[in-house]
Structure formats: C-alpha cells, structure tokens
Amino acid sequence: MNDSRIMVDHVHVATDKPFEEVTKAFEAELGKFDGDVRKAATSSEDTEEAKAKIAAMAGPSGFMLFGTSDHGALLRLAGQKRKAIQYVVGNPVFALQMTQHDIRASLYAPLRVLIYENEEGQSCVEYDRPSSLFGQFGDSRIVPTATMLDRKLEALVAKATK
C-alpha cells in the first residue's frame, strides 16, 4: 500500500438568501444526466456525435446533475432539524478531458457540492476546488480543464447565492 497526503482548497460561501432560493437557483443552472443517453452515445462509432449528445445534457452552467443526497432528512433520524443537500455535479465531456490523461482523475469526477442552512439561518455552499483535487496527479494536461472547472463552479455558486 502506498499512502500520500494532499492539500485541498476548500471553498465556503455564506449568504442571507434563503436555502430554498439558493437550491432552486443552483438547480436551475444544471442539466440532468441521463445514463441511457450516455450509453447510446458511447456505443456510437461517431465519437464527435457522441460527445455532442453527452454535452447537450449540460445546463447553462456547463454542468449536469448526477444526483442528490438529502442529508437534512437523514439528520432527522438523529433528532436534528437541518436543511442540507449534497449535489453530485459534473460533465462527462470535462471528465474525459482529464481521465484520458490519468484515469485517477475519475476519483473526483463528478464533483460534490453541499448546500446547507447553518445555525444562524444563513445558506452556505461548500465544495473542494477542482484544481486542488485534480492537481495532485501532477499532469499538466489536466490543469487547463481543472482550472476551467474552478471558474465554472465559482460562477455557478455565485449565481445561486446572489
């Protein structure tokens, strides 16, 4: 076994905008991932057409929603009333731009974003900066996509929290 430690840049954004408005604005910027579309596209012989079909699932942000986990509902089992949703977001075309150079990049694609309401009633959005996650692989061919993801994710969060 070979262990290593990495530094990760963690982003925290807080706003007085209500939780429901933040999550609604966040979701409005996402497309919806459809596994059947990806399966059909990737079985095609025309790779450019396949990429286009996959890319068409993206929303205005460039990302699509792969799934959510309502951690607030789970916390009710511990007697806590919390609003907290984890989003799994990404774009297989962006992932391909990295994983073709280093398959280990698939550990972090798609990305995770947590939106929750804190004890003061503020809505908070947290995520790990993609360039810091993907940067651990030390591959300069991955850097442009990882930094593009930083910008896209930052813009998405800014739009949802303003």
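Throughout, numbering of the chain's residues begins at 1 and tracks the sequence.
- In this structure, L149 is not a member of the same hydrophobic cluster as M64, with clusters built from ILVMFWY side-chain heavy atoms closer than 4.5 Å.
- Proximity of a side-chain donor or acceptor of E21 to a complementary backbone N or O of P18 within less than 3.5 Å is not detected.
- Both V11 and L30 are part of a single hydrophobic cluster, where members link through side-chain heavy atoms under 4.5 Å apart.
- No side-chain donor-acceptor contact under 3.5 Å links T68 to the backbone of Q86.
- Side-chain contact between C124 and V13 is absent, with no heavy atoms from C-beta onward closer than 4.5 Å.
- The cluster map of Ile, Leu, Val, Met, Phe, Trp and Tyr, joined by side-chain heavy atoms under 4.5 Å apart, puts V8 and I142 in the same cluster.
- Panel note: side chain N91, backbone G62; a donor-acceptor pair is recorded below 3.5 Å.
- When hydrophobic clusters are built by joining Ile, Leu, Val, Met, Phe, Trp and Tyr residues whose side-chain heavy atoms come closer than 4.5 Å, directly or via intermediates, Y127 is grouped together with M148.
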Stepwise side chain to side chain contact (heavy atoms under 4.5 Å, CB included) test for V88 and R112: CA-CA 5 Å; V88 180; R112 308 282 183 281; 3.8 Å; yes
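- The main-chain N or O of T15 is never found under 3.5 Å from a side-chain atom of T161 such that the two would form a donor-acceptor pair.
- Neither F26 nor F66 shares a network with the other; the hydrophobic side chains, linked directly or stepwise wherever heavy atoms of I, L, V, M, F, W or Y lie under 4.5 Å apart, form separate groups for each.
- In this structure, NZ in K152 is found 11.5 Å from OG1 in T147, a value given to the nearest 0.5 Å.
- Looking only at side-chain heavy atoms (C-beta outward), S131 and V143 stay at 4.5 Å or farther from each other.
- With hydrogens and angles disregarded, a donor-acceptor distance shorter than 3.5 Å links the side chain of S132 to the backbone of D9.
- To the nearest 0.5 Å, atoms CG (L65) and CE (M57) are separated by 12.0 Å.
- Residues F19 and K24 fail the side-chain proximity criterion, which asks for heavy atoms closer than 4.5 Å.
- If you take NZ on K159 and OG on S61, they are separated by 9.0 Å, rounding to the nearest 0.5 Å.
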Worked verdict on Y87 versus T23 for side chain to side chain contact (heavy atoms under 4.5 Å, CB included): CA-CA 10 Å; Y87 291 87; T23 56; 3.4 Å; yes
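- Side-chain N or O atoms of K17 include one that pairs as donor or acceptor with a backbone N or O of K162 at under 3.5 Å.
- The closest donor-acceptor contact from the side chain of K53 to the backbone of T42 lies at 3.5 Å or more, if one exists at all.
- For the atom pair CG (L107) and CG (L133), the distance works out to 10.0 Å, reported to the nearest 0.5 Å.
- Looking at E119 and R82, a side-chain N of the basic residue comes within less than 4.0 Å of a carboxylate O on the acidic one, giving a salt bridge.
- Salt bridge absent: E154 and R129 never bring a charged side-chain N and a carboxylate O closer than 4.0 Å.
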V22/V125 under side chain to side chain contact (heavy atoms under 4.5 Å, CB included): CA gap, chis, key distance, verdict: CA-CA 9 Å; V22 173; V125 182; 4.1 Å; yes
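- Judged purely by atom type and a 3.5 angstrom limit, R5 has no side-chain atom pairing as donor or acceptor with the backbone of D3.
- Under the 3.5 Å distance criterion, the side-chain polar atoms of S44 are matched with a main-chain donor or acceptor of D46.
- Counting only heavy atoms from C-beta outward, the side chains of V113 and E126 never approach each other to under 4.5 Å.
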Evaluation steps, side chain to side chain contact (heavy atoms under 4.5 Å, CB included), between Y116 and N118: CA-CA 6 Å; Y116 64 94; N118 68 15; 4.1 Å; yes
What pairs of donor and acceptor atoms, side-chain ones from residues 92-103 against any protein atom, are under 3.5 angstrom apart with sequence neighbours left out?
{"residue": "Q97", "atom": "OE1", "partner": "T145", "partner atom": "OG1", "Å": "3.2"}
{"residue": "T99", "atom": "OG1", "partner": "A95", "partner atom": "O", "Å": "3.0"}
{"residue": "D102", "atom": "OD1", "partner": "R104", "partner atom": "N", "Å": "3.0"}
{"residue": "D102", "atom": "OD1", "partner": "R104", "partner atom": "NE", "Å": "3.0"}
{"residue": "D102", "atom": "OD2", "partner": "R104", "partner atom": "NE", "Å": "3.3"}
{"residue": "D102", "atom": "OD2", "partner": "R104", "partner atom": "NH2", "Å": "2.7"}

